[in-house]
**Student:** 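I am attaching a structure below and will ask some questions about it afterwards.
Since the structure is predicted, the reported quantities are computational estimates derived from the model, not experimental observations. Note on naming: letters A, B, ... go to the chains in the order of the sequence lines (proteins, then strands), and numbering restarts at 1 for each one.
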Amino acid sequence: MPELPEVETVRRTLAPAVGATIASAWDSGKPLHMRRKPPRARLHALVGGKIAGLRRHGKYLLIDIAHRGVEPTTLIVHLGMTGRLLVCPHAAPRAPHTHVVLGLGARDLRFVDPRRFGQVDVVATAAERSHAALAQLGPDALVDGVDGDALFARSRGKEATLKAFVLDQSVLAGVGNIYASEALWRAQLRPSTRARRLTRAQAGQLAAAIEEVLRNALDHNGTSLRDFVDAGGAEGTNADYLWVYGREGEPCPRCKTRIRRVVHQGRATFYCPTCQRA
DNA sequence: ATCACGACCTGGAGGC
DNA sequence: TGCCTCCAGGTCGTGA
């Protein structure tokens with residue numbers, strides 16, 4: 001579910017929680033991503049701390065915790081496919097698949113994730129760059145922008161398809177399966193084309209397309225196909241504005257050819273066979 | 001080293 | 001109604 005625009009939407013809607021003091025910590029004990037359980041001891045060590053800021057890198061949300069007399073700490077959250085980060089009343093019943101709850105007085109910050117592909121970890125802020133999840137991430141597509149020349153350089157010699165290239169978080173952090181199809185359609189590039197075939201000019205078009213697609217999605221508070229909601233539980237409206245994703249058989253918005261669906265590396269890819277020629 | 005694939009999970013949708 | 005299969009916004013370890 002959550003790609004960069006969705007995670008950024010969560011970050012923005014979480015803003016009212018900044019300044020709140022963590023009064024309690026709870027976790028389900030159930031394993032999440034890579035069968036790793038939430039770090040119970042480190043979550044409990046957050047109690048007494050204050051939410052000092054909210055950052056994001058790619059699809060990772062970084063919640064900074066300030067704690068008097070303790071080095072600054074960061075709660076790292078990845079929503080996986082079905083994860084939600086919700087602010088709700090402390091008294092609200094706990095939804096099924098709730099895995100982490102930080103009590104903030106009258107409210108709770110809750111991590112809910114049915115498929116348990118999400119991640120929750122706690123690290124010293126000073127050491128976050130060496131955290132396994134963050135160490136390999138490329139520049140953030142929104143904060144750092146997308147540099148066509150950098151994309152061109154990274155694509156040299158690559159046999160991987162453009163679809164895989166755009167999804168590679170070490171090249172660029174934030175693009176997922178929906179926006180990969182959308183950006184390649186926008187740039188009129190075929191998903192199955194080898195990355196090494198990209199020209200410098202095409203790399204520039206791809207960079208611009210990625211930025212446009214992500215910004216548009218963010219303007220609509222993200223794409224809610226099934227699970228995605230913001231921190232207040234509201235869905236995004238970007239699903240109404242998708243050009244090709246999920247639109248197999250529908251006319252291409254540019255040339256009216258029927259949109260095709262193929263599977264690359266086990267993931268659905270949507271494209272127009274007529275106007276995505278390169 | 002690079003690349004494609006399967007595994008990790010649950011739930012919803014659709015066919016029978 | 002129930003059961004079955006297929007599908008899903010991500011990431012990682014494996015083996016070719």
**Student:** Go ahead and name the base partner of dC9(B); Watson-Crick or wobble counts if both distances stay under 3.5 Å, otherwise write none.
**Tutor:**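 Partner of dC9(B): none.
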**Student:** Whole Å only: how far is the CZ atom of Arg226(A) from the C1' atom of dT10(B)?
**Tutor:**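 Distance, rounded to whole Å: 12 Å.
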**Student:** Rounded to whole Å, how long is the line connecting atom NE2 of His33(A) with atom P of dC9(B)?
**Tutor:**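 In whole Å, dC9(B) P and His33(A) NE2 are 12 Å from each other.
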**Student:** Check Glu6(A) with Arg11(A), please: is the shortest side-chain N to carboxylate O separation under 4.0 Å?
**Tutor:**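 Between Glu6(A) and Arg11(A) there is no salt bridge, as every charged N stays at least 4.0 Å from the carboxylate O atoms.
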**Student:** Just to verify, which of Gln205(A), Glu212(A), Glu211(A) counts as forming a side chain to side chain donor-acceptor pair (under 3.5 Å) with Arg186(A)?
**Tutor:**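 That would be Glu212(A); it is the only one of Gln205(A), Glu212(A), Glu211(A) passing the side chain to side chain donor-acceptor pair (under 3.5 Å) with Arg186(A).
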**Student:** For a quick test of reading the model: is some side-chain N or O of His97(A) closer than 4.0 Å to OP1 or OP2 of dG11(B)?
**Tutor:**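 Affirmative; the distance criterion is met.
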**Student:** Measuring to OP1 and OP2 of dT11(C), would you say a side-chain N or O of His78(A) lies under 4.0 angstrom away?
**Tutor:**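 For dT11(C), OP1 or OP2 has a side-chain N or O of His78(A) closer than 4.0 Å.
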**Student:** With no angle test and no hydrogens, is the base of dC9(B) tied to the side chain of Arg116(A) by a donor-acceptor pair under 3.5 Å?
**Tutor:**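 In this structure, the two groups form no donor-acceptor pair.
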**Student:** From C-beta outward on Arg115(A), which listed nucleotide comes closest to its side chain: dC9(B), dA4(B), dC3(B)?
**Tutor:**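 Taking heavy atoms from C-beta onward, the closest nucleotide is dC9(B).
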**Student:** What is the separation between atom CE on Met34(A) and atom P on dG6(B), rounded to the nearest whole Å?
**Tutor:**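 Atom CE in Met34(A) sits about 18 Å away from atom P in dG6(B).
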**Student:** Provide the distance between the two P atoms, one in dC6(C) and one in dG6(B), to the nearest whole Å.
**Tutor:**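 Each nucleotide's P atom is 14 Å from the other's.
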**Student:** Establish, with yes or no, whether the OP1 or OP2 oxygen of dG10(C) is under 4.0 angstrom from a side-chain nitrogen or oxygen of Lys59(A).
**Tutor:**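 For dG10(C), OP1 or OP2 has a side-chain N or O of Lys59(A) closer than 4.0 Å.
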**Student:** At under 4.0 Å, does any side-chain N or O of Lys158(A) touch on OP1 or OP2 of dA1(B)?
**Tutor:**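 So the side-chain polar atoms of Lys158(A) never come under 4.0 Å of the phosphate oxygens OP1 or OP2 of dA1(B).
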**Student:** Under the 5.5 Å and 30° test, is Phe117(A) stacked on the base of dT11(C)?
**Tutor:**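 Not stacked: fails the 5.5 Å / 30° test.
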**Student:** Rounded to whole angstroms, how far apart are CZ on Phe111(A) and P on dG10(C)?
**Tutor:**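 Computing the Phe111(A):CZ to dG10(C):P distance gives 14 Å.
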**Student:** Please give, in whole Å, the distance from dG10(C) P to Asp121(A) CG?
**Tutor:**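 So the two atoms are 21 Å apart, to the nearest Å.
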**Student:** Give a yes or no on whether a salt bridge exists between Glu248(A) and Arg260(A), defined as a side-chain N under 4.0 angstrom from a carboxylate O.
**Tutor:**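 Salt bridge absent between Glu248(A) and Arg260(A).
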**Student:** By nearest atom, which of the nucleotides dC12(C), dC3(B), dC9(B) is closest to the Glu159(A) side chain?
**Tutor:**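 The nucleotide sitting nearest to the side chain is dC3(B).
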**Student:** Less than 4.0 angstrom between a side-chain N/O of Arg261(A) and OP1 or OP2 of dA8(C), yes or no?
**Tutor:**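 Affirmative; the distance criterion is met.
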**Student:** Pick the C1' atom in dT11(C) and in dG12(B), then give their distance to the nearest Å.
**Tutor:**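 Looking at atom C1' only, dT11(C) and dG12(B) are 23 Å apart.
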**Student:** Counting only distance, no hydrogens or angles, is the base of dA8(C) paired donor-acceptor with the side chain of Arg267(A) under 3.5 Å?
**Tutor:**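 Counting by modelled atom types and ignoring angles, no donor-acceptor contact under 3.5 Å is found here.
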**Student:** For Glu250(A), is there an ion pair with Arg258(A) - N to carboxylate O distance below 4.0 angstrom?
**Tutor:**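 Answer for the salt bridge query: no.
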**Student:** Over all strands shown, is Ala133(A) touching base, sugar-phosphate only, or nothing at heavy-atom distances under 4.0 angstrom?
**Tutor:**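 No contact at all - Ala133(A) keeps every heavy atom at 4.0 Å or more from the nucleic acid.
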**Student:** Whole angstrom is fine here: how far is it from CD in Gln119(A) over to C1' in dT11(C)?
**Tutor:**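 Rounded to the whole Å, the gap is 7 Å.
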**Student:** Met81(A) CE to dA8(C) P: how many Å, rounded?
**Tutor:**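 After rounding, the reported distance stands at 8 Å.
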**Student:** Nearest to the side chain of Thr161(A), which nucleotide is it out of dG10(C), dA4(B), dC9(B)?
**Tutor:**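 Looking only at side-chain atoms, Thr161(A) lies closest to dA4(B).
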**Student:** Rounding to an integer number of Å, can you tell me how far Glu248(A) CD sits from dC7(C) C1'?
**Tutor:**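 So the CD-C1' distance, Glu248(A) to dC7(C), works out to 13 Å.
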**Student:** Val175(A) and Leu167(A): which non-hydrogen atoms are nearest, and at how many Å?
**Tutor:**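 Of all heavy-atom pairs spanning Val175(A) and Leu167(A), the closest is O-CD2, 3.8 Å.
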**Student:** In the single-linkage hydrophobic clustering (I, L, V, M, F, W, Y; side-chain heavy atoms under 4.5 Å), do Val7(A) and Val18(A) co-cluster?
**Tutor:**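 Cluster IDs for Val7(A) and Val18(A) match.
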**Student:** Of the listed nucleotides (dT11(C), dA4(B), dG11(B)), which one gets closest to any side-chain atom of Arg194(A)?
**Tutor:**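 Shortest atom-to-atom distance from the side chain points to dA4(B).
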**Student:** Just call it for Tyr179(A): base, sugar-phosphate, or nothing, with non-hydrogen atoms closer than 4.0 Å on any strand.
**Tutor:**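 Answer is nothing: Tyr179(A) stays at 4.0 Å or more from every strand.
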**Student:** Among dC9(B), dC7(C), dT11(C), which nucleotide has an atom closest to any side-chain atom of Arg35(A)?
**Tutor:**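 Ranking dC9(B), dC7(C), dT11(C) by closest atom to the Arg35(A) side chain puts dC9(B) first.
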